[in-house]
K.L.:
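Pasting a structure below so you can have a look.
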Amino acid sequence: MRIRRSWMLPLALVASACGGDGDGGTPAPTPSADAELDAYCAVAQRDDLATWVGDVLTLCASSGEDEITCNGGLSAATGAITQIDLELAPRRVLPASGGRLVALLADERLVVLGADRTVERELATWASDPWVSDDGARVVWVGLPDGVDAWDFGVPTVIATQSLDESARTVLVDDETASTPRPIPGSRDVLFVSTSTGLASFWRITPGSDPVQLTNVGRDEVGPGFVPVADRQLAWSEGAVFYGVDEEDGTTRIWRFDPASREASEVGPGAWPRTASDGSVLALQPSGSASCAARYPAGGTP
């Protein structure tokens with residue numbers, strides 16, 4: 001595994017006039033030479049943005065003491081957001097093939113919603129941190145072992161996957177420390193996080209094979225050469241994942257990791273990475289910056 005410690009300079013820091021409207025609503029895009037950037041900023045600057053996959057958003061806001069209310073939204077090419085009307089309260093909403101949605105509900109069930117937004121089928125009675133493949137045809141999640149139908153503290157968990165065309169799931173990883181499963185585009189492999197060897201590290205699993213540790217191999221403490229892991233803020237470009245990492249000072253920085261070469265690099269400041277139409281990656285810049293977003297090259301070099 002190679003780690004490049006030099007920070008990348010963005011291809012461009014593009015000023016954008018889009019900003020918050022003061023009440024948490026969708027900012028109004030301002031016409032400019034880069035409509036794609038304006039649309040990105042209109043969504044990425046929202047304080048209630050929880051996930052952004054394809055054109056489907058999960059928007060969550062505090063509704064009282066220790067209470068979070070979430071709903072789904074569809075983002076248009078202009079950056080405008082249309083709320084998805086759902087009968088059941090969701091925790092996460094994801095796009096699926098055939099105009100369907102995958103939803104993690106507030107009662108922790110994982111379900112598929114049909115085009116009419118009613119429950120088409122239940123994938124799991126308990127699930128956590130679901131994600132979908134790039135074509136929306138396959139779902140991965142943290143679930144319960146076979147024979148266990150209720151979660152409680154101390155109950156082990158597994159990484160499971162299921163095609164929406166299949167009637168049953170497949171357990172990929174039997175590791176109670178495994179989390180954050182993310183399908184790797186163009187394959188059936190899944191990138192996930194595990195602390196089974198001590199430090200949180202990236203692992204890769206191919207169905208039918210044993211999982212392989214990709215980062216922080218042989219390490220038992222954070223230091224030079226340590227590679228942080230991803231969570232909800234991520235985007236894929238040219239086989240590599242760009243992801244946001246929260247720093248101790250409250251800022252977020254973008255990292256890039258290529259599962260094939262195992263090469264990792266710290267890219268630069270930013271949050272909510274999003275693949276642009278030209279393959280570059282947009283990243284929201286810190287509050288107070290002169291520019292809304294940086295545009296980082298897909299290949300990892302300026």
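Keep in mind the model is a prediction, meaning the values are calculated, not measured.
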K.L.:
Should Leu199 and Asp220 be marked as a side-chain contact (heavy atoms from CB on, under 4.5 Å) after you check the CA-CA gap, both sets of side-chain angles, and the distance that decides it?
P.N.:
CA-CA 6 Å; Leu199 295 179; Asp220 56 10; 5.8 Å; no
K.L.:
Any heavy-atom pair between the side chains of Cys292 and Gln285 that's under 4.5 Å?
P.N.:
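Counting from C-beta outward, Gln285 and Cys292 never come under 4.5 Å.
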K.L.:
From Leu172 CG over to Ile205 CD1, what is the distance, rounded to the nearest 0.5 angstrom?
P.N.:
6.0 Å
K.L.:
Side chains of Thr170 and Thr161: donor-acceptor distance under 3.5 Å anywhere?
P.N.:
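Per modelled atom types, Thr170 and Thr161 side chains form no pair under 3.5 Å.
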K.L.:
Testing Arg204, Arg138, Arg182 one by one against Asp189 for a salt bridge (charged side-chain N to carboxylate O under 4.0 Å, His left out), which residue passes?
P.N.:
Arg204
K.L.:
Return the OG1 to CG distance between Thr125 and Asp107, rounded to the nearest 0.5 Å.
P.N.:
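Going from the OG1 atom of Thr125 to the CG atom of Asp107 covers 10.0 Å.
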K.L.:
Measure the shortest side-chain to side-chain distance between Pro181 and Val142 over non-hydrogen atoms and say whether it is less than 4.5 angstrom.
P.N.:
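They are in side-chain contact.
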K.L.:
Taking the side chain as everything from C-beta on, heavy atoms only, tell me whether Leu86 gets closer than 4.5 Å to Val93.
P.N.:
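Contact flag for Leu86/Val93 side chains = yes.
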K.L.:
Donor-acceptor pair, distance only, cut-off 3.5 Å: does the side chain of Ser265 make one with the backbone of Val267?
P.N.:
no
K.L.:
Working note: Ile81 + Leu74, criterion side-chain contact (heavy atoms from CB on, under 4.5 Å); need CA distance, chi angles, decisive distance, verdict.
P.N.:
CA-CA 5 Å; Ile81 296 174; Leu74 292 174; over 6 Å; no
K.L.:
With a cut-off of 6.0 Å (strictly less than), are more than 12 heavy atoms of other residues, nucleotides or ligands near CD of Glu36?
P.N.:
yes
K.L.:
Within the 3.5 Å criterion, strictly below it, is a donor on Ser289 or Ser291 matched to an acceptor on the partner's side chain?
P.N.:
no
K.L.:
May I ask you to check whether Asp55 and Ser75 show a side-chain donor-acceptor distance below 3.5 Å?
P.N.:
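Checked: Asp55/Ser75 side chains show no N/O donor-acceptor pair below 3.5 Å.
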K.L.:
Are the aromatic rings of Phe257 and Phe202 close, with centres under 6.0 Å apart?
P.N.:
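So the answer is yes for these two rings.
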K.L.:
Heavy atoms only: give me the nearest Ala293-Leu37 pair and the separation to one decimal.
P.N.:
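Here Ala293 and Leu37 meet closest at CB-CD1, 3.6 Å.
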K.L.:
Can you check whether Ile254's main-chain N or O pairs, donor with acceptor, with Tyr296's side chain at less than 3.5 Å?
P.N.:
no
K.L.:
Does Glu67 reach the main-chain N or O of Thr69 with its side chain, forming a donor-acceptor pair under 3.5 Å?
P.N.:
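No, Glu67 side chain to Thr69 backbone: no donor-acceptor pair under 3.5 Å.
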K.L.:
Would you say Asp174 has more than 12 foreign heavy atoms packed within less than 6.0 Å of its CG?
P.N.:
no
K.L.:
Identify whether the distance between the nearest side-chain nitrogen and carboxylate oxygen of Glu120 and Arg100 falls below 4.0 Å.
P.N.:
yes
K.L.:
Between Ser201 and Thr195, is the side-chain contact (heavy atoms from CB on, under 4.5 Å) condition met? List the steps.
P.N.:
CA-CA 6 Å; Ser201 308; Thr195 59; over 6 Å; no
K.L.:
Using the ring centroid of each side chain, check whether Trp131 and Phe192 are separated by less than 6.0 Å.
P.N.:
no
K.L.:
Tell me whether Asn216 contacts the main-chain N or O of Arg219 through its side chain, where contact means a donor paired with an acceptor under 3.5 Å.
P.N.:
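Looks like no, no N/O pair under 3.5 Å.
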K.L.:
In terms of hydrophobic clustering (I, L, V, M, F, W, Y; side-chain heavy atoms under 4.5 Å; direct or indirect links), are Val229 and Leu191 co-clustered?
P.N.:
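As far as the 4.5 Å side-chain criterion goes, Leu191 and Val229 are connected within one cluster.
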K.L.:
With the 4.5 Å side-chain cut-off for hydrophobic clustering, are Val140 and Leu101 part of the same group?
P.N.:
no
K.L.:
I would like to know whether Glu266 and Arg253 meet salt bridge (Lys or Arg N to Asp or Glu O under 4.0 Å); could you show each step before the answer?
P.N.:
CA-CA 8 Å; Glu266 184 176 348; Arg253 298 191 66 82; 2.5 Å; yes
K.L.:
Taking side chain as C-beta onward, heavy atoms only, is Val56 less than 4.5 Å from Leu94?
P.N.:
no
K.L.:
What distance separates Thr51 OG1 from Leu59 CG, expressed to the nearest 0.5 Å?
P.N.:
8.0 Å
K.L.:
Could you grab the distance from atom CG of Leu164 to atom CG of Leu123, nearest 0.5 Å is fine?
P.N.:
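It is 6.5 Å, given to the nearest 0.5 Å.
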K.L.:
Can you give me every donor-acceptor pair (side chain of residues 230-238, partner residue at least two apart or in another chain, under 3.5 Å) with its distance?
P.N.:
unit_1: Arg232; atom_1: NH1; unit_2: Ala50; atom_2: O; d: 2.2
unit_1: Gln233; atom_1: OE1; unit_2: Trp272; atom_2: N; d: 2.7
unit_1: Ser237; atom_1: OG; unit_2: Gly279; atom_2: O; d: 2.5

K.L.:
Got a salt bridge between Arg169 and Asp146, using NZ or NE/NH1/NH2 to carboxylate O under 4.0 Å?
P.N.:
yes
K.L.:
Counting only heavy atoms from other residues, nucleotides and ligands, does the tally under 6.0 Å from CG of Asp116 exceed 12?
P.N.:
yes
K.L.:
Determine whether Pro156 and Pro145 make a side-chain contact, defined as any pair of heavy atoms from C-beta on separated by less than 4.5 Å.
P.N.:
yes
K.L.:
Kindly indicate, with the supporting measurements, whether the criterion side-chain contact (heavy atoms from CB on, under 4.5 Å) is fulfilled by Trp203 and Ile159.
P.N.:
CA-CA 12 Å; Trp203 292 64; Ile159 299 294; over 6 Å; no
K.L.:
Can you check whether Phe242 reaches Arg274 side chain to side chain, under 4.5 Å on heavy atoms?
P.N.:
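A side-chain contact under 4.5 Å is absent here.
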K.L.:
In this structure, would Val212 and Val171 fall into the same cluster of hydrophobic residues linked by side-chain contacts under 4.5 Å?
P.N.:
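Result: no, two separate clusters.
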K.L.:
With the threshold set at 4.0 Å, does a side-chain nitrogen-carboxylate oxygen contact exist between Arg91 and Glu108?
P.N.:
yes
K.L.:
Do the side chains of Val43 and Leu57 get nearer than 4.5 Å, heavy atoms only?
P.N.:
yes
K.L.:
State which residues pass ring pair (Phe, Tyr, Trp, His ring centres under 6.0 Å) with Trp151; sequence neighbours excluded, sorted by chain then number.
P.N.:
Trp126, Phe153
K.L.:
Say you draw a straight line from CG of Asp47 to OG of Ser62; how long is it, rounded to the nearest 0.5 Å?
P.N.:
12.5 Å
K.L.:
Determine, for Glu87 against Arg117, whether the closest basic-nitrogen to carboxylate-oxygen distance falls under 4.0 angstrom.
P.N.:
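Between Arg117 and Glu87 there is no salt bridge, as every charged N stays at least 4.0 Å from the carboxylate O atoms.
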K.L.:
Would you mind checking if Arg295 and Asp278 are paired as a salt bridge, meaning a charged N to carboxylate O distance below 4.0 Å?
P.N.:
yes
K.L.:
Between Asp175 (side chain) and Ser194 (backbone), is there a donor-acceptor pair under 3.5 Å?
P.N.:
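No.
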K.L.:
Taking all heavy atoms of Val193 and all of Ala200, pick out the closest pair and write down the distance.
P.N.:
CG1-CB, 4.2 Å
K.L.:
If you define the side chain from C-beta out and look only at heavy atoms, does anything of Leu110 sit under 4.5 Å from Val139?
P.N.:
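Yes. Closest side-chain heavy atoms under 4.5 Å.
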K.L.:
Tell me whether Val112 is reachable from Ile84 by hopping between hydrophobic residues (I, L, V, M, F, W, Y) whose side-chain heavy atoms are closer than 4.5 Å.
P.N.:
no
K.L.:
What heavy-atom pair brings Pro259 and Ala240 nearest, and what distance separates the two atoms?
P.N.:
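Distance-wise, the nearest heavy atoms are CD-CA, 4.5 Å.
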K.L.:
Check Leu104 against Ala127 and note the closest heavy-atom contact, atom names and distance.
P.N.:
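Closest approach of Leu104 to Ala127, heavy atoms only: CD1-O, 3.5 Å.
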K.L.:
What's the shortest heavy-atom distance between Ala42 and Gly79, and which atoms?
P.N.:
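Heavy atoms only, the tightest pair is CB-O, 4.0 Å.
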K.L.:
Say you draw a straight line from OG1 of Thr206 to CD1 of Ile184; how long is it, rounded to the nearest 0.5 Å?
P.N.:
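Thr206 OG1 to Ile184 CD1: 7.5 Å, rounded to 0.5 Å.
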K.L.:
Could you state whether Leu214 and Val227 fall into the same hydrophobic cluster, counting links through intermediate Ile, Leu, Val, Met, Phe, Trp or Tyr residues with side-chain heavy atoms under 4.5 angstrom apart?
P.N.:
yes
K.L.:
Compare every heavy atom of Tyr243 with every heavy atom of Val241, then report the nearest pair and how far apart it is.
P.N.:
O-CD2, 3.7 Å
